[in-house]
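I have placed the structure first, in the form of structure tokens, so that the comments after it can refer back to it.
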Protein chains: 2
Amino acid sequence: MIKKPITIKEIAKKLDLSISTVSRALHGHPSISLSTQQKVKQTAQEMDYEPNQAAIFFQKGKTFTIGVILPELAEAFFSTAISAIEDIAYKKNYTILLAQSHDEEDREKQLVEKMKNNRVDGLLVSVAKRTSNFDHFEQLKKYNIPVVFFDRIPPLKNIHSVACNIETGSIEAVNYLLKRGHRSIGLINGPSTLIASGQRKEGYIKALHKNRLKFDPTLIVNCDLSETSTNEALEILLSHKRKPTAIVTFNDYVSAFAIKHAFKSGLNPDHTIEFVSYANSPVIGFMDHPPVASVEQFPTIQGQKAIDTLLDILNTDDTEEAPAFYKIVIESQLVESNKR
Amino acid sequence: MIKKPITIKEIAKKLDLSISTVSRALHGHPSISLSTQQKVKQTAQEMDYEPNQAAIFFQKGKTFTIGVILPELAEAFFSTAISAIEDIAYKKNYTILLAQSHDEEDREKQLVEKMKNNRVDGLLVSVAKRTSNFDHFEQLKKYNIPVVFFDRIPPLKNIHSVACNIETGSIEAVNYLLKRGHRSIGLINGPSTLIASGQRKEGYIKALHKNRLKFDPTLIVNCDLSETSTNEALEILLSHKRKPTAIVTFNDYVSAFAIKHAFKSGLNPDHTIEFVSYANSPVIGFMDHPPVASVEQFPTIQGQKAIDTLLDILNTDDTEEAPAFYKIVIESQLVESNKR
DNA sequence: CTTTTAATATCAAACGTTTGTGTTGAGTTA
DNA sequence: TAACTCAACACAAACGTTTGATATTAAAAG
């Protein structure tokens, strides 16, 4: 036997009250006497009443729902972030509408459209790699749907953003290797098209300068993050006249590939080359020979800050004068592998 | 200047038509002439009309939304699964309401409640480890909200489920090691409370029997999946009188820990011990010394099948007589590491 | 004894859409 | 030409809830 949800109307009929009274009673409205409030609440309980959210959303024009658009759910960074986001949403009684762009501009555009149709209260977005046109985000402003970008920030002005400052970590990373006695430090970087690659390079160079070391551009090699490409990059570095004794890599995966290759090829016979990478992802814990350190980018904190500021925006009156734009920066931080 | 969404009412006014005509025109209803359909659709375009989903949900009593409750979003298996689920939902114009139970019964219960309030059309659930009472799922039947369980199936009758048959993979795994010449094969299993552990053990034993090998219970050691516990398990196995030359482990992570330990401790001096594990997760690709093979459990396929059957259920008339219960089993499969 | 005030509860509109049932007028049939 | 058909559209109810305006009552104030 299928129960169909009961409504406040039926409660009203049962108690011989008006619908509005029941509604107000359930919300503890002061113009309803405590005695009737009691009665209403109790019979609501007894009748297994549960408010029809669809109706409430509709009538309030608010859904208590937050759209989250991520490039790739299966990536550790993002799945960690979404986990943190969901936790906070859960606590604040918001709901997560999840979607992934697969780093495609088209799909991202369609998802934004869909989110708009679903009347999400706000949006959390980490931009797709291949997105070059950002009109679909600009559009949202007109509809008064706030967006907080995180980790992957588009080059727009007047947006809310949460991101990690890679440079600090980069500098820490190089300093750390210098402290360990290395004087020739290589960098296996990602594709030069990525902003993230630029940041890593900047930090790397800046750290060398700060330490009054001359910067040798041939010690930087790019790769496309694949295993073969990483291996090639490593070989180039190690065939260098002044062979680096330590290498900074774009992320932990690149590090893993490079380390594996360094061990298997004869290029690193005495196993002395030390690696430092970015992300500090769980994979490090499973490696036989992990990098000595990794720059943590705090997916959890980024996710938390992002949804926190979004909720903050949602809960401040729109009537305020100048809309302030949040730009939250989290300092990345070098984490030594043995201290994890 | 903030645009507020326009409605069919306004389109109607502009074209001097009735609301219902506009609605029907937009849906291509046959009782509306093609010429007006054209006109309506065009002006809808021009006016940037977008249907108010909240209103549609409300009036249809359907939300085109599917709730997904997973134990842990940050786990590779589940993030892969949710990724596949989202992809299909996207194609079919459904939306994903995501939540994680963190393997807690209480939270799971609350989430089910929340999903019910949000009037999801259906639910996809992978049950929390610590859930022992399943009333909250039974409840959903009364509200006519279909649930498809996947991967972690509760011990209930008359439910829809999608799961992976571990046994086949287990047998394959042992056979594979036997073919490679091993005659003493250990098993580092998970906590005995997990059904998954039982399945692995069964397959392991069955494979030995099929090959007319005697089963030595002391070659099975349990661990709690942590690194230290894994190391202990490995040490117990390797201190065995008849030292195993190959080891099956509960999953890739356990394998990673064990392999790391085997290399670092002196227990495996000639590095000949071979490992086989479960999950075939990406981490294998990053290991210096990966297990020789891993039993793939197809998170993508499981997710796909799960949402497919849910959509199937949602789109068949409720009026049918006997509700059939789907029980989909996917055969696990051994994947050799070098063939990945 | 009338007028205020405060407390309590009701009325009715509104949110945007879908959909069963009318209504209209032109064309067809006998 | 009267009766009928059918295409093309309009009307209005319904979905469940919230909320501003309004009504009722009784007690307090004048």
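Residue numbers begin at 1 in each chain, while the letters A, B, ... track the order of the sequences.
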Which residues share a ring pair (Phe, Tyr, Trp, His ring centres under 6.0 Å) with [X], sequence neighbours left out:
{"X": "A:Tyr326", "answer": "A:His160"}
{"X": "A:Phe137", "answer": "A:Phe149"}
{"X": "B:Phe58", "answer": "A:Phe58"}
{"X": "B:Phe64", "answer": "B:Tyr94"}

Would you say A:Gln38 and A:Gln42 are linked by a side-chain donor-acceptor pair, where the criterion is simply a distance under 3.5 Å?
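No - no donor-acceptor pair under 3.5 Å links their side chains.
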Scan for salt bridge (charged side-chain N to carboxylate O under 4.0 Å, His left out) pairs involving residues 113-133 of chain A, sequence neighbours excluded, and state none if there are none.
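Qualifying pairs: A:Glu104-A:Arg130, A:Glu113-A:Lys116, A:Lys116-B:Glu50.
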Contact list for DNA chain D against residues 19-32 of chain B - heavy-atom distance below 4.0 Å
B:Ser20, B:Thr21, B:Arg24, B:Ser31, B:Ile32
In chain order, what residues pass the side-chain contact (heavy atoms from CB on, under 4.5 Å) check against [X], with sequence neighbours excluded?
{"X": "A:Asp151", "result": "A:Phe77, A:Phe78, A:Ser126, A:Gln302"}
{"X": "B:Asp106", "result": "none"}
{"X": "B:Ala12", "result": "B:Ile19, B:Val22"}

By nearest-heavy-atom nucleotide on DNA chain D, the more 5' of B:Ser18 and B:Lys60 is B:Ser18
Whichever of B:Asp16 and B:Gln59 has the more 5' nearest nucleotide on DNA chain D, that residue is B:Asp16
So the ring-ring contact (aromatic ring centres under 6.0 Å, His included) pairs with at least one residue in residues 20-55 of chain A (sequence neighbours excluded) are none
To 10°, what angle do the rotation axes through the five end pairs on each side of the helix from C:dC1-D:dG30 to C:dA30-D:dT1 form?
60°
Within the structure shown, what part of the strands sits under 4.0 Å from A:Phe57 by heavy-atom distance: base, sugar-phosphate, or nothing?
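Nothing, no heavy atom under 4.0 Å.
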Need one value for A:Ile56: base, sugar-phosphate or nothing, where a base atom within 4.0 Å counts as base even if backbone is also close, heavy atoms only.
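Touches sugar-phosphate only.
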With a 4.0 angstrom cut-off to heavy atoms of chain B, pull out the first and last contacting nucleotide of DNA chain C, in 5'-to-3' order.
C:dG16 to C:dG20
